[in-house]
Q: 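One structure coming up, written as structure tokens, with questions to follow.
For clarity, every value in this text was computed on a predicted model and none was experimentally measured. Quick note on labels: first sequence line is chain A, next is B, and so on, each numbered from 1. Computed from heavy atoms alone, side chains included, the values below leave out hydrogens, waters and symmetry copies.
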4 protein chains.
Amino acid sequence: MIVKSDALTARGRRTRETLVRAGREAFDEHGYEAVRVDDVCARAGVSHGTFYTYFASKEALFREVAAAVVGEMFAASVVGPAASGDPYARIEAANRLYLRAWSANSRLVRMLEQAATAEEGLRELLLELREVFVRRGADGLRRLQEQGLADPALDPRLTAIMLGGMVEHFARVWLDLGEPADERAAVDLLTRLWARAIGLTPASTSAEDT
Amino acid sequence: MIVKSDALTARGRRTRETLVRAGREAFDEHGYEAVRVDDVCARAGVSHGTFYTYFASKEALFREVAAAVVGEMFAASVVGPAASGDPYARIEAANRLYLRAWSANSRLVRMLEQAATAEEGLRELLLELREVFVRRGADGLRRLQEQGLADPALDPRLTAIMLGGMVEHFARVWLDLGEPADERAAVDLLTRLWARAIGLTPASTSAEDT
Amino acid sequence: MIVKSDALTARGRRTRETLVRAGREAFDEHGYEAVRVDDVCARAGVSHGTFYTYFASKEALFREVAAAVVGEMFAASVVGPAASGDPYARIEAANRLYLRAWSANSRLVRMLEQAATAEEGLRELLLELREVFVRRGADGLRRLQEQGLADPALDPRLTAIMLGGMVEHFARVWLDLGEPADERAAVDLLTRLWARAIGLTPASTSAEDT
Amino acid sequence: MIVKSDALTARGRRTRETLVRAGREAFDEHGYEAVRVDDVCARAGVSHGTFYTYFASKEALFREVAAAVVGEMFAASVVGPAASGDPYARIEAANRLYLRAWSANSRLVRMLEQAATAEEGLRELLLELREVFVRRGADGLRRLQEQGLADPALDPRLTAIMLGGMVEHFARVWLDLGEPADERAAVDLLTRLWARAIGLTPASTSAEDT
DNA sequence: AATGAATGAGAATTCATTCAT
DNA sequence: AATGAATGAATTCTCATTCAT
């Protein structure tokens, strides 16, 4: 007798949101397996009977949390046309956003990866998330290639996957494994490596040096 | 009650090895949580009672499996002085090895990462594994810098982490998420990006082209 | 808090009746245990809260449903003086009514039997129901014995229980277990067996044959 | 990890049997729904973990109990050629056995009937049980008809169902609903009604009277 | 009268681990 | 060394019922 989100009173909506928030925190802190439904309920301050008023199972809650995370990351991935001019600056801005988005959610994304092995629906969500970032990277590279600013021999998609993976992976190592580094330095280096790797022509790169 | 590895009859050693092998396969296929001790025993063809003759717990078995995996990856990470001459070729060889080593064990390494969150001992093992690869990468880069073949401004350790992460991460996406690509093309592109990123001077790079 | 039936507005009476009807259908289709209060409410189109405005518990609803069923069966058990004349024809008419009454409600009666084990009140209801049919059968037999048409050695009550049970039981086997038979043939045979069993004298029986 | 019955040590077999016995008693006393797995375990003196070593679920235990009951009833239904000669005496003997067999298991059989509604496998078991008794009755009648001792116009199967139902149903009313009667009188009357109903010719019937 | 959110006792089941043989 | 029966803590989920609005 799960109640759908759009058939709820204000109070119901509030409770539901509280549960999602509590679940997100709990999953993020302890991992999917380690979280018991009762933990989430305790954190949300409701009985576990109430939990099942809103979610059919722990997994259903996770799906909801995962969807929220993915949604936020989509939102965070938009560079905005502001940082316009300089290609190098654009890459830098994108990398900063990328690093932040993944840093903020790295544990949940990894849980999603893990859970995606078993759950069909989650797998799709994960692939979709990845695709958004890959496509963004690939499109950016293609544009630079068309402008004659990047090595035209590089396969845009594969390159985007690899360099995007470099950023994503660093987010993990940095935060989850505690590799010491400060954001500025990290973004600087990631950007430099990225730019060089795609052969961003000296013209723009040197702009920074002057 | 647990029998130490070196105080075993030949028969005992065989049983123990069978269990480790069975555990490794099971963990790799289904993940740590999803594997029951009984599954491992069934696969190894021994009773549950026997399991506890050799391992104090499921976790102890995992530790053993993880150690074996890490050992193999260490072994696999040695480039060998054979591919000597050309820096680019060395990087290429290293990338091929790197990619293969991580591909072969990506699921288990991820499980190790996950488990490391909770277990102190595993955390150390994981950091150690990572360190070996990072150091190898950093050392290689430092050597190139000393020879004037790579950008001396790059922090060797951070650069190695980032570029190594690129390879490691690609191994996951490629195998676990099924991104289509063939090894040759992948190694080629990874190497090209890596070389360019560290500013490997044309002199050597072009050596390949001629 | 429970509103009594006679202190209700027209609207309230309607809601209450809807619930009883919905409960009866649900119980009949799925059995007492399998029916959740929510199922009844959904079927009746009211909220669970409303249910408790009219019934103190699920069991209270069942009691009401059971009483209704028993009432209907009482009503159905009246042969009416119409089929007067011939004793055999009277038995046949009674058997037809008997078979129909039990057929129509066999599942609910069985649930009542089952529930009666635990609930004192229901036990009485059940015994009362049974008694009506037993008494009717016994009275009929006694009359025939007095008229010299049936074996005077038979204990009227016990005989009525046994022959009545034959009809009742056949209703179950026929409908619930799907033993194929058509009503006409079944009533014919039941009547023939019944008449012969009580030694209904040829005089009347043969009346049918001529 | 349910262990099959034939792969058990003596101790295991003993435990399993204890559980079946405990389950049978519990079901008989309280009904399927009212019995918790823990009740059975407590009665058997084992932990509930042990229960699941032998049975996959409460339902699986019930299936086993039901099969045992049906087996016993099959065994009990054999009249044996001893009571040979007199048809009336044979019917009487059969009725006594019939009444006893159903009396001894009436609650469990009713539970089986109830459960059969939901479970396919149980339904078959029930139908099989019924069929054995029906066939036995039908065969007996057919033989009498061939010998010219019973009304040849009666459909053997339908008649057996009806008269068998009379006995079966009486067993319920007698034991479960507490209708007072002693076995001798009940068997006498059931037999007299049965014999008369099928038109068992006076020749044999009167044999009893002399 | 009606609603529907909240409750929590209760039941089934899993599985790592122990221990007698 | 090996076996496998026994254990019980832990966890998920259900559903009748209460109560504030």
Q: With a 4.0 Å cutoff (strictly under), does any side-chain N or O of A/Y52 reach OP1 or OP2 of F/dT14?
A: no
Q: Do C/R24 and C/E29 meet the salt-bridge criterion of a basic N to acidic O distance under 4.0 Å?
A: no
Q: Taking only the C1' atom of each, what is the distance from E/dA1 to F/dT21 in whole angstrom?
A: 13 Å
Q: I need the CG-P distance between C/L19 and E/dA1, as an integer number of Å.
A: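 Taking CG of C/L19 and P of E/dA1, I get 13 Å after rounding.
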Q: Across all strands shown, which nucleotide pairs with E/dG8 by Watson-Crick or G-U wobble geometry, both distances under 3.5 Å?
A: F/dC15
Q: Between A/R11 and E/dA6, is there a contact of a side-chain N or O with OP1 or OP2 at under 4.0 Å?
A: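 Answer yes for this pair, as a side-chain N or O of A/R11 is under 4.0 Å from OP1 or OP2.
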Q: I want to check one thing: is the phosphate of F/dA2, taken as OP1 and OP2, less than 4.0 Å away from some side-chain N or O of B/T15?
A: yes
Q: May I ask which nucleotide in the shown strands pairs with E/dA20, Watson-Crick or G-U wobble, both distances under 3.5 Å?
A: F/dT3
Q: OP1 or OP2 of E/dA2 versus the side-chain N and O atoms of C/T53: is any pair under 4.0 Å?
A: no
Q: For a quick test of reading the model: is some side-chain N or O of C/Y54 closer than 4.0 Å to OP1 or OP2 of E/dA2?
A: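 Yes, such a contact exists.
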Q: What's the shortest heavy-atom distance between A/R16 and A/Y54, and which atoms?
A: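 Answer, listing the atom of A/R16 first, then A/Y54: NH1-O, 3.4 Å.
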Q: Check whether any side-chain nitrogen or oxygen of C/T50 sits under 4.0 Å from OP1 or OP2 of E/dT3, and answer yes or no.
A: yes
Q: Without decimals, in angstroms, what is the distance between C/L61 CG and F/dT17 P?
A: 11 Å
Q: Across the strands shown, which category fits B/V40 at heavy-atom distances under 4.0 angstrom: base, sugar-phosphate, nothing?
A: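 No contact.
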Q: Check the distance between E/dC15's P and B/E33's CD and give it to me in whole angstrom.
A: 11 Å
Q: With respect to the phosphate group of E/dG4, does any side-chain polar atom (N or O) of C/S47 fall under 4.0 Å of OP1 or OP2?
A: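 Checking C/S47 against E/dG4: no side-chain N or O falls below 4.0 Å of OP1 or OP2.
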Q: Please determine if a side-chain N or O atom of C/T9 lies less than 4.0 Å away from the OP1 or OP2 oxygen of E/dA1.
A: yes
Q: Measuring from the side chain of C/R36 (C-beta onward, heavy atoms only), which nucleotide among E/dT3, E/dA11, F/dC15 has the closest atom?
A: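 Nearest to the side chain of C/R36 among the choices is F/dC15.
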Q: What is the distance, to the nearest angstrom, from the NE2 atom on A/H48 to the P atom on F/dT11?
A: 13 Å
Q: Nearest-nucleotide wise, let me know which of D/G49 and A/G49 is further upstream toward the 5' end of DNA chain F.
A: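 Its nearest nucleotide being more 5', the pick is D/G49.
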Q: Please give, in whole Å, the distance from E/dA11 P to D/Y32 OH?
A: 14 Å
Q: What is the separation between atom CG on A/D38 and atom P on F/dA9, rounded to the nearest whole Å?
A: 17 Å
